[in-house]
Amino acid sequence: MKVAIVHNNEQKSRRVTQQLLALLEQKQIEVSETDPELIISVGGDGTLLSAFHRFNHRLNDVKFLGVHTGHLGFYTDWRDYELEELVSSFLIEQEKSISYPLLDVTIKFCDDVPDRHFLALNESTIKRSNRTMAADVYIKDELFERFRGDGLSVSTPTGSTAYNKSVGGAVIHPSINAFQLAEIASLNNRVFRTLGSPMVIADSEWVSIDLREGSDYLITVDQLNIYQENVDSIHYRIADERIHFASYKHMHFWHRVKDAFISED
């Protein structure tokens, strides 16, 4: 097995990374930054998102694994004090994995600028910098509503516990191959009307957001901020690709949700 390590710059994460490298060398497990089979993230969920975007061109060839150096995260099954158990498990169960759906994001422009394409593990949002955002929302190329408000959030099931939850979206189990569209502070009155509720979109459908005016839009894809002028539309669907997590030890999704939002210990 070839392993790559991605870590944040926190002192604890750097120390844990050095301990992990020593254990890998002791077990004669090769470290490779070019063609790894397993990507180990050391840090938090943000670090794993960075690892995903660094290696998302090799999703069919790699698995991901998270070591958390703070509080338990949604993408991290291992803690910093479990490194010896973690490395030993590489030699016992190398094939077990679990996969999650990803979001396919395509940004189209008004002029001859080529489309930009991204994959999101968590979510994508569209906002306007300092004015009300106006957009037509299409589902399977059919106009559904004309949106006015602060913005729109589109999330994967695993991303449903992130920003989506804070704007009133539902928490979706990652075994459901779907994505979610949630409004951010929509305007609803006698003149402007939207559904006003989050929508879960099936993997056989797609959503197009046609921006009606202005060039001051901010589009996010996970932790990436994309400032682009002359954006015509953004298209969302469930990606053909999936992310695979090595499940040597896997915490159930609802356990993660309870630990993050309900448990007090």
Side-chain angles (χ1 to χ4, degrees), residues 4 6 33-36 39 46 48-62 64 99-156 158-159 162-164 177-184 199 201-244:
V6 177
E33 298 296 326
T34 56
D35 58 341
I39 315 297
L48 196 140
L49 283 171
S50 297
F52 163 74
H53 283 279
R54 179 175 169 183
F55 289 97
N56 65 9
H57 61 291
R58 301 190 65 240
L59 291 177
N60 292 329
D61 303 315
V62 300
F64 291 82
S99 68
Y100 295 152
L102 300 169
L103 187 66
D104 184 289
V105 184
T106 301
I107 303 174
K108 295 182 178 292
F109 299 90
C110 300
D111 44 32
D112 294 330
V113 176
D115 298 348
R116 296 191 66 185
H117 178 254
F118 301 89
L119 292 174
L121 175 55
N122 260 5
E123 66 202 1
S124 172
T125 64
I126 314 166
K127 297 180 180 180
R128 203 167 176 191
S129 60
N130 58 5
R131 296 180 61 189
T132 298
M133 174 177 144
D136 288 336
V137 178
Y138 290 81
I139 301 177
K140 292 186 70 173
D141 299 329
E142 181 176 340
L143 180 63
F144 179 79
E145 67 180 16
R146 182 158 293 173
F147 172 85
R148 286 177 175 84
D150 284 359
L152 293 165
S153 171
V154 185
S155 62
T156 65
T158 49
Y163 185 57
N164 167 78
N177 200 38
F179 65 101
Q180 185 169 182
L181 175 67
E183 300 175 358
I184 306 170
M199 294 186 291
I201 310 296
D203 61 349
S204 60
E205 301 183 330
W206 60 92
V207 168
S208 300
I209 311 296
D210 287 10
L211 303 178
R212 293 180 55 81
E213 58 183 19
S215 60
D216 53 348
Y217 290 99
L218 168 62
I219 303 167
T220 69
V221 177
D222 290 337
Q223 79 278 34
L224 307 175
N225 293 329
I226 304 161
Y227 296 92
Q228 290 282 354
E229 295 186 353
N230 300 319
V231 175
D232 178 63
S233 59
I234 303 98
H235 300 255
Y236 297 102
R237 64 177 180 86
I238 285 293
D240 296 329
E241 305 90 336
R242 293 174 69 89
I243 185 171
H244 299 268

Within a strict 4.5 Å, meaning less than it, do heavy atoms of the [X] and [Y] side chains meet?
X: I107; Y: I226; value: yes
X: I201; Y: W206; value: no
X: N122; Y: L49; value: yes
X: N177; Y: R242; value: yes
X: K127; Y: T220; value: no

Looking only at heavy atoms, which two atoms of [X] and [Y] are closest? And how far apart?
X: F179; Y: E205; result: CE2-O, 3.9 Å
X: L59; Y: N56; result: CG-O, 3.3 Å
X: E123; Y: A120; result: O-CB, 3.8 Å
X: F147; Y: D150; result: CZ-N, 4.2 Å
X: A135; Y: M133; result: CB-CE, 3.9 Å
X: R58; Y: P36; result: NH1-O, 2.8 Å

In sequence, state the C-alpha distance, the side-chain angles, and the governing distance for L152 and V137, and then conclude on side chain to side chain contact (heavy atoms under 4.5 Å, CB included). CA-CA 10 Å; L152 293 165; V137 178; 4.1 Å; yes

Give the intermediate values and the outcome of side chain to side chain contact (heavy atoms under 4.5 Å, CB included) for residues D104 and L119. CA-CA 5 Å; D104 184 289; L119 292 174; 4.3 Å; yes

Atom [atom1] in [X], atom [atom2] in [Y]: separation rounded to 0.5 Å?
X: S208; Y: H235; atom1: OG; atom2: NE2; answer: 4.5 Å
X: L48; Y: D222; atom1: CG; atom2: CG; answer: 10.5 Å
X: I234; Y: Y217; atom1: CD1; atom2: OH; answer: 8.5 Å
X: Y138; Y: I209; atom1: OH; atom2: CD1; answer: 10.5 Å
X: Y236; Y: I139; atom1: OH; atom2: CD1; answer: 14.0 Å
X: T106; Y: R116; atom1: OG1; atom2: CZ; answer: 11.5 Å

For the pair T156 (side chain) and L121 (backbone), establish whether a donor and an acceptor sit closer than 3.5 Å, ignoring hydrogens and angles. yes

Between the side chain of R131 and the main-chain N/O of D216, is any donor-acceptor distance below 3.5 Å? no

Salt bridge flag under 4.0 Å for residues D232 and K108: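 Salt bridge absent between D232 and K108.
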
Please report the C-alpha distance between V231 and I126 in whole Å, then the side-chain angles of each, then the deciding distance to 0.1 Å, and finally whether the side chain to side chain contact (heavy atoms under 4.5 Å, CB included) criterion is met. CA-CA 11 Å; V231 175; I126 314 166; over 6 Å; no

Would you please test V154 and L103 for side chain to side chain contact (heavy atoms under 4.5 Å, CB included) and show each step? CA-CA 8 Å; V154 185; L103 187 66; 3.8 Å; yes

